[in-house]
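Throughout, a chain's letter reflects where its sequence line sits, starting with A, and its residues are numbered from 1. As a basis for the values below, the full set of heavy atoms in this structure was taken, side chains included, without hydrogen atoms, waters or symmetry mates.
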Amino acid sequence: MSGAKEIRTKIKSIKNTQKITKAMEMVAASKMRRAQDRMNEARPYAAKMRNVVGHMAHAHPEYRHPYLEEREGKRVGYILVTTDRGLCGGLNVNLFRKVVAEMAEHGKAGVGMELAVLGKKGLGFFRRLGGNIISEASGLGDAPALTDLIGAVKVMLDAFDEGRIDRLFLVNNEFVNTMTQKPAIEQILPIPPSDVDEMTHHWDYIYEPAAKDVVDALMVRYIESLVYQGVVENIACEMAARMVAMKSASDNAGELIDELELAYNKARQAAITQEISEIVAGAAAV
Amino acid sequence: MTMTLHVDIVSAEEEIFSGTATMVFAPAEMGEVGITPRHAPLLTRLKAGEVRVQDSSGEEQSFYVSGGLLEVQPHVVTVLSDTAMRADDLDEAMALEAKERAERSIADRQSDFEYAKAQAELAQAAAQLRMLQKLRKKGR
């Protein structure tokens with residue numbers, strides 16, 4: 001019965017793995033819901049910001065903020081949002097493929113690139129393969145705080161202010177639904193004109209203190225809120241992808257167990273048959 | 001009918017308050033301001049302090065903000081609250097830290113990205129994923 005015993009140990013170990021994947025699936029499902037809530041909670045701030053930026057852009061035509069100004073230069077910056085942990089299907093790989101394809105095109109055209117990487121997976125990828133990473137933030141956890149992102153974003157904003165980059169993109173996964181996450185590259189600097197609401201009549205704010213100080217503070221917060229949104233959305237994607245991956249892992253484990261149980265029963269029956277025939281043969285010989 | 005203001009207090013991480021009020025007090029950078037309906041449009045930075053919202057029955061609700069921006073339009077007041085203390089030098093320190101972290105984590109960094117290697121690696125990973133999907137479909 002040595003074959004049967006081996007199979008039994010195998011079944012047991014696969015059952016243990018299945019327990020783990022099932023637990024991970026359920027954890028990911030509940031974390032996904034919380035991440036989605038967080039995504040929705042962060043929306044009003046970004047919407048309000050957009051409103052104010054739009055009002056301001058129209059109310060104040062003589063002072064154009066550099067973040068609204070289209071530039072001649074071609075150098076680009078990317079803020080790449082990745083996950084901290086793996087076991088989430090092809091989420092990061094799909095994102096890398098999209099961004100690497102774009103980077104390769106820029107590389108061919110001889111365009112300079114600067115990267116800010118959020119998340120350990122992205123960091124590991126670019127550490128292996130090189131790349132001009134000028135800032136990073138990782139280990140953000142399931143409930144990231146805006147404070148953790150300020151530094152990494154500021155490095156990119158400084159690069160933009162100093163003219164080292166002329167355009168800034170945010171790369172993250174877009175949450176379509178539980179089954180689908182889409183890698184997306186979105187321009188955040190200069191702020192695309194479509195993001196700025198149209199206004200018909202002219203009026204202006206009273207600024208306290210000077211207009212420039214207030215507008216600067218506003219713009220920095222606006223960009224930060226966009227990046228924060230991207231990070232939160234990416235976490236929702238991570239959890240959804242992990243949930244799906246763990247579900248199929250559990251299903252696969254179930255299939256394997258079924259097959260092994262069949263093999264085990266066959267082996268057991270064969271052993272019994274053999275024993276019986278041996279006894280019968282022995283009895284006949286006496 | 002008394003005139004009212006619509007007040008929204010939001011931070012990047014959550015919506016804190018949304019409702020109507022007859023008067024709003026906020027700790028603006030140049031001194032505390034009280035906003036009543038039909039105030040001229042105003043955009044100002046806020047200091048850390050208390051935002052008080054007074055409703056028509058005279059009751060006050062107060063919220064702590066650690067800074068942020070205040071936008072006023074004749075019938076809408078929006079407080080864009082910060083989630084943490086902000087100051088230029090503090091931001092600078094955080095930026096420096098993010099930079100240093102990046103440099104430390106990539107000690108042997110090359111600034112040239114290896115496209116060929118990356119693309120090969122990604123193609124392999126994508127092929128694996130496709131294979132898995134195919135296997136899964138066959139299994140059913």
If you measure only the distance, is there a donor-acceptor pair under 3.5 Å linking the side chains of [X] and [Y]?
{"X": "A:R43", "Y": "A:N40", "result": "yes"}
{"X": "B:T22", "Y": "B:S56", "result": "no"}
{"X": "A:E136", "Y": "A:S138", "result": "yes"}

Between chain A and each of B:G68, B:A12, B:A125, count heavy-atom pairs under 4.5 Å; write down the option with the most. B:A12
Selection from B:E15, B:Q128, B:E71 maximising heavy-atom pairs under 4.5 Å formed with chain A: B:E71
Side chain from CB out, backbone as N, CA, C, O: work out which of these in [X] comes under 4.5 Å of a heavy atom of chain A, or both, or neither.
{"X": "B:S18", "value": "neither"}
{"X": "B:L42", "value": "both"}
{"X": "B:E97", "value": "neither"}

If I measure from the heavy atoms of chain B, does [X] come under 4.5 Å with its side chain, its backbone, both, or neither?
{"X": "A:Y228", "value": "side chain"}
{"X": "A:A116", "value": "neither"}
{"X": "A:M113", "value": "side chain"}
{"X": "A:A46", "value": "neither"}

Under the side chain to side chain contact (heavy atoms under 4.5 Å, CB included) rule, collect the residues that match up with A:E233, sequence neighbours excluded. A:M39, A:N172, A:E174, A:F175
With A:K48, which residues qualify under side chain to side chain contact (heavy atoms under 4.5 Å, CB included), at least two apart? B:D8, B:V10, B:T78, B:L80
Rounded at 0.5 Å granularity, tell me how far CG in A:L157 sits from CD1 in A:I150. 11.0 Å
With respect to chain B, which residue among A:G107, A:G90, A:A152, A:A104 yields the maximal number of heavy-atom pairs within a distance under 4.5 Å? A:A104
With a 4.0 Å cut-off on N to O distance, would you call A:R38 and A:D142 a salt bridge? no
